[in-house]
Amino acid sequence: MAEHHVDHTHRSKRGRMWTYLIVGVVLVIGAVLGNFAMNNPDLAKNGIATIAGLPSWAFPTVAAVLGGILFWVGLKIETDWPEYLGAALVAGAIVAGEILLGWSNFELGGVAAIPYAIPALVLIVMLMIGNAKSR
């Protein structure tokens with residue numbers, strides 16, 4: 001009898017679909033929140049402090065740490081969504097940090113695209129690492 005060889009390293013189609021759906025929803029929510037924060041910078045800086053009583057830098061820091069932990073855990077398991085979600089949280093925390101520190105402070109040499117490029121590059125590099133080291 002011939003044995004049927006199943007390669008367990010290939011991800012299932014359904015698993016990839018859920019991964020992309022979760023990451024897509026998180027990115028859309030992040031884009032809406034980022035747009036709101038850019039249009040209302042005073043509310044973004046002061047609103048967090050008045051809502052929870054924490055300093056405004058606490059939420060981006062917690063999101064970055066949580067994203068880093070989630071990314072690291074995602075590297076150890078088979079599914080991809082923890083890596084993607086962790087990378088998105090870290091990139092979102094960078095955007096929030098840029099907004100809190102002053103978006104124009106990151107326009108090095110007068111190039112207005114640099115504040116947009118920094119979180120995008122972090123997201124892309126983290127996703128590349130995740131794809132390379134994924135089991």
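Quick caveat, the model's predicted, so the values are computed rather than measured.
- Annotation for Val65: hydrophobic cluster partners, listed by chain and number, are Ile69, Trp72, Val73 (ILVMFWY side-chain heavy atoms under 4.5 Å, direct or chained).
- Atom CZ in Phe71 sits 12.0 Å away from atom CG in Leu85 (nearest 0.5 Å).
- When all heavy atoms are compared, the tightest approach of Ala87 to Met126 is CB-CB, 3.8 Å.
- For the side chain to side chain donor-acceptor pair (under 3.5 Å) condition, no pair includes a residue of residues 85-102, sequence neighbours left out.
- Summarising the geometry of Pro82 relative to Ile77, their closest heavy-atom pair is CG-CD1, 3.8 Å, with the distance given to 0.1 Å.
- In this structure, the separation between CG on Asn131 and CD on Glu83 is 7.0 Å, given to the nearest 0.5 Å.
- To the nearest 0.5 angstrom, Leu89 atom CG is 15.0 Å from Tyr84 atom OH.
- Between Val90 and Gly67 the shortest heavy-atom distance is CG2-C, 3.8 Å.
- Minimum interatomic distance between Val95 and Pro119 (heavy atoms only, all atoms of both residues): CG2-CG, 3.4 Å.
- To the nearest 0.5 Å, atom CE of residue Met128 and atom CG of residue Leu123 are 11.5 Å apart.
- Leu75 and Ile124 fall into different hydrophobic clusters, where Ile, Leu, Val, Met, Phe, Trp and Tyr side chains are chained together by heavy-atom contacts under 4.5 Å.
- By the criterion of side-chain heavy atoms lying less than 4.5 angstrom apart, applied directly or through intervening Ile, Leu, Val, Met, Phe, Trp or Tyr residues, Leu101 is grouped together with Val111 in one hydrophobic cluster.
- To the nearest 0.5 Å, atom CD1 of residue Ile94 and atom CZ of residue Phe106 are 9.5 Å apart.
- The structure places CG of Leu121 at 10.0 Å from CD1 of Ile114, a figure rounded to the nearest 0.5 Å.
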